[in-house]
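A short write-up of the structure that comes next.
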Amino acid sequence: MGRTIARLVLQVFCAALVFSGGMWALQGAGVLDWPENSFMLAKREWALYGLITLLIGALLLWAAERIRR
């Protein structure tokens with residue numbers, strides 16, 4: 001039971017990383033212009049930070065799935 005809860009918490013955290021990283025990458029690339037006053041809009045470094053965050057979240061999510069096996 002404890003392992004199941006830990007895996008679920010890890011999956012939720014990883015999903016949040018993937019979602020936020022995707023938003024940062026899209027804002028940094030200038031694709032997502034929301035919110036209008038965001039300091040990340042059309043800034044390449046935020047596209048890179050977002051991509052890195054998304055990849056870390058995806059790798060951790062993959063690892064969380066392997067815990068089940």
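What's counted below: heavy atoms across the whole structure, side chains too, no hydrogens, waters or symmetry copies.
- We find the CG-CG distance between L26 and L51 to be 10.5 Å, quoted to the nearest 0.5 Å.
- Minimum interatomic distance between Q27 and S38 (heavy atoms only, all atoms of both residues): OE1-OG, 4.1 Å.
- Under the 4.5 Å side-chain criterion, counting only non-hydrogen atoms from C-beta, M40 is in contact with W24.
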Which pairs of donor and acceptor atoms, one on a side chain in residues 12-23, lie under 3.5 Å apart (sequence neighbours left out)?
unit_1	atom_1	unit_2	atom_2	d
S20	OG	A16	O	2.9
S20	OG	L17	O	3.3

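- Y49 and F39 end up in the same hydrophobic cluster when Ile, Leu, Val, Met, Phe, Trp and Tyr side chains are linked at under 4.5 Å.
- Panel note: side chain Q11, backbone L61; no donor-acceptor pair is recorded below 3.5 Å.
- To the nearest 0.5 Å, the span separating CG on L10 from CD1 on I5 amounts to 13.5 Å.
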